[in-house]
Amino acid sequence: MAAVRLIDSAGSPGASGRLSEDRFGAAGNLAWVIDGASDFRNERHLPAASNVHWLVDRVHEALRERGAAGSVVSGTGLLSELQAEIAAELARYDLREMRQHPCCSLALLVVRPGFVEIVRVGDAVGFLRGGSLELEVSTGFFDAREAAAVERAKTLELTAEEITSAMYRRRAEYIRGINGESVFSGHPEGNLFAHSLLVPRRGAGLVVLLCTDGLARAVTEYRLFPGWPALLDACLGKGLEAVIAELRAFENAAASVPGKFKRSDDVAAVLVEV
C-alpha cells in the first residue's frame, strides 16, 4: 500500500475563544485538512458542540477510516461518497428549525503507487513540490467575495445581524455550487465542485503542504511570505508551530485585518512526504 509519511502537523484556534472548527490528519494513503465554516449563531441540532463541529468531526473520522484501509483510489470519488453518506445521516434528524446547514472547506491528498492526487473544495490550499516541480491548488474566489462583503457592510453600516444573515446567504450559494466553486456539506441540494490535481510519482521525494485559510492568509493577505514555495520552506525549516506563532504575532500586532470580518481564524496544516 502506498502511504504518506507525516513530517509535521499542527492546529491553532483563532482569537474568538471558541473551540477550533478546523481538523487535520494523516492515515494510510490519505492526508487532509478540514476548515469548518464558523457558526456565528451557535446552532445545535446535531449531537456535538455545534452543527459545524458535528460535520467536521464526521468527515475527519471518515477520512481516517478510509485512509487506514488504504483502498482509496480517487479523492474526488471519495468526497462524493462521503457527501452522499452525510446527507443520508442528516436526513434522519429533524432539521426543520436549522437556519443554515453546516459546511466546510477541505484539502485532501491521496497517494497511489503511480500518482498522487490533491483535491481542494472551498478555500483550503494544497501545495506540492518535488525537485523543480511546484504545483498548487488554491483559489482567490472566496477571499474576493469576503472582501467585497466587508466593504459593503462598512459602506451601508450594516448591523451585526444583517452581516450574519448576508454571510449565510453567501454560504447557501456555496453549498449549491455557484460559479464553479462550492463547499462540502450534507445539504440535499448540495453540489460539490472538487478541484483536483494529479501528479505522476517518479520516485520518492514529493513534499506536500495542506492548510486551511487561517494559515493561507500568511501568503494571500498578510504577505508574510511571497508565495507558497516560501511558506513551504519556512514550514520545513522552522516547523509548523513556529510558523503559526509568527502568524499569530502579526495578527496580534495588527489593529485590524483589511477585507476580513474575523481578526484571526482557526488554522489546520499537515506537511507530508510521499
Side-chain angles (χ1 to χ4, degrees), residues 9-16 18-26 30-40 48-64 75 78-79 82-83 86 100-109 118-127 136-146 167-168 170-171 173-175 177 181-187 190 192-195 208-222 228 231 235 240 243-244 247-248 251 257 259-271:
S9 62
S12 169
S16 66
R18 301 189 304 176
L19 294 173
S20 176
E21 295 162 341
D22 287 10
R23 301 290 184 270
F24 58 92
L30 299 183
W32 62 89
V33 294
I34 307 167
D35 182 0
S38 296
D39 185 354
F40 298 109
S50 70
N51 292 345
V52 69
H53 276 278
W54 180 91
L55 178 67
V56 296
D57 286 338
R58 176 67 183 82
V59 176
H60 179 65
E61 290 304 319
L63 292 175
R64 180 156 36 201
L78 171 60
L79 294 182
L82 291 183
Q83 181 152 315
I86 289 171
Q100 178 65 50
H101 263 255
C103 58
C104 63
S105 297
L106 57 87
L108 171 68
L109 172 70
I118 301 177
V119 185
R120 174 188 63 79
V121 176
D123 58 6
V125 172
F127 178 72
E136 47 116 335
V137 281
S138 65
T139 180
F141 174 82
F142 298 95
D143 279 345
R145 291 207 76 193
E146 183 174 15
M167 185 176 298
Y168 284 132
R170 290 193 299 278
R171 286 187 187 169
E173 293 180 0
Y174 302 154
I175 286 171
E181 292 287 356
S182 77
V183 289
F184 182 98
S185 79
H187 195 286
L192 187 64
F193 282 85
H195 299 267
V208 180
L209 172 67
L210 306 177
C211 67
T212 59
D213 70 329
L215 179 58
R217 286 183 178 193
V219 172
T220 61
E221 300 291 328
Y222 306 154
W228 306 118
L231 175 60
C235 293
L240 287 168
V243 173
I244 293 171
L247 170 79
R248 296 307 190 204
E251 290 173 331
V257 180
K260 297 289 186 182
F261 285 111
K262 291 186 289 186
R263 180 168 179 168
S264 67
D265 202 356
D266 297 341
V267 168
V270 294
L271 189 60

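Here the structure is a predicted model, which is why all the values come from computation and not from measurement.
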**Test salt bridge (charged side-chain N to carboxylate O under 4.0 Å, His left out) applied to E136 - qualifying residues, sequence neighbours left out** = none

**Nearest atoms (heavy-atom pairs only) where L19 meets A49** = CD1-CB, 4.4 Å

**Polar side-chain atom of R18 near backbone of S20 as donor-acceptor pair, under 3.5 Å** = no

**Prompt:** Under a 4.5 Å cut-off applied to non-hydrogen side-chain atoms, are V33 and V270 in contact?
**Reply:** yes

**Request:** Walk me through it: do H195 and E181 pass the test side-chain contact (heavy atoms from CB on, under 4.5 Å)?
**Result:** CA-CA 9 Å; H195 299 267; E181 292 287 356; 3.4 Å; yes

**Prompt:** Who pairs with H53 by side-chain hydrogen bond (donor to acceptor under 3.5 Å, both in side chains), at least two apart in sequence or on another chain?
**Reply:** R23

**4.5 Å side-chain heavy-atom contact, F142 and S105** = no

**Asked** Can you find a side-chain donor-acceptor pair between S12 and R248 that sits under 3.5 Å?
**Response** yes

**Side-chain donor/acceptor of S182 to backbone N/O of G177, under 3.5 Å** = no

**Prompt:** Do L240 and V267 come within less than 4.5 Å of each other through their side chains, counting heavy atoms only?
**Reply:** no

**Prompt:** Is the shortest heavy-atom distance from the side chain of I118 to the side chain of L210 under 4.5 Å?
**Reply:** yes

**T212 and D265: CA distance, side-chain angles, deciding distance, side-chain contact (heavy atoms from CB on, under 4.5 Å) verdict** = CA-CA 9 Å; T212 59; D265 202 356; over 6 Å; no

**Asked** How about L106 and W32: do any of their side-chain heavy atoms sit closer than 4.5 Å?
**Response** no

**Message:** Within the 3.5 Å criterion, strictly below it, is a donor on S50 or D39 matched to an acceptor on the partner's side chain?
**Reply:** no

**Prompt:** Can you tell if the side chain of I175 reaches within under 4.5 Å of the side chain of Q100, non-hydrogen atoms only?
**Reply:** yes

**Prompt:** Has the side chain of D266 got a donor or acceptor atom that lies under 3.5 Å from a matching backbone atom of G14?
**Reply:** yes

**Message:** Return the CD1 to NE2 distance between I86 and H187, rounded to the nearest 0.5 Å.
**Reply:** 14.0 Å

**Complete:** Scanning both residues in full, the closest heavy-atom pair of V56 with G36 reads CG1-CA, 3.6 Å

**Prompt:** Which atom names give the shortest non-hydrogen contact between A216 and V125, and what distance separates them?
**Reply:** CB-CG2, 3.9 Å

**Prompt:** In Å and rounded to the nearest 0.5 Å, what is the CZ to CD1 distance from F184 to I34?
**Reply:** 8.5 Å

**Request:** Indicate yes or no: does R145 engage E173 in a salt bridge with an N to O separation below 4.0 Å.
**Result:** yes

**Approximate separation, where rounding is to 0.5 Å, of L215 CG and D35 CG** = 11.5 Å

**Prompt:** Do L30 and L108 have side-chain heavy atoms sitting under 4.5 Å apart?
**Reply:** yes

**Request:** Might you point out which heavy atoms bring I244 and A10 nearest each other, and give the distance in Å?
**Result:** CD1-CB, 3.8 Å

**Atom pair SG/CZ of C211 and F24 - distance to nearest 0.5 Å** = 13.0 Å

**Fill in**
Minimal heavy-atom distance between L247 and A218, with the atoms involved, is CD1-CB, 4.0 Å

**Message:** Can you tell me how far apart CD (E21) and SG (C104) are? Round to the nearest 0.5 Å.
**Reply:** 11.0 Å

**Request:** Tell me, please, which residues at least two apart from R171 pass side-chain hydrogen bond (donor to acceptor under 3.5 Å, both in side chains).
**Result:** none

**Prompt:** Which distance, rounded to the nearest 0.5 Å, do you find between the CG of L79 and the CZ of R120?
**Reply:** 12.0 Å

**Request:** Compare all side-chain heavy atoms of W228 with those of L209 and state whether any distance is below 4.5 angstrom.
**Result:** no

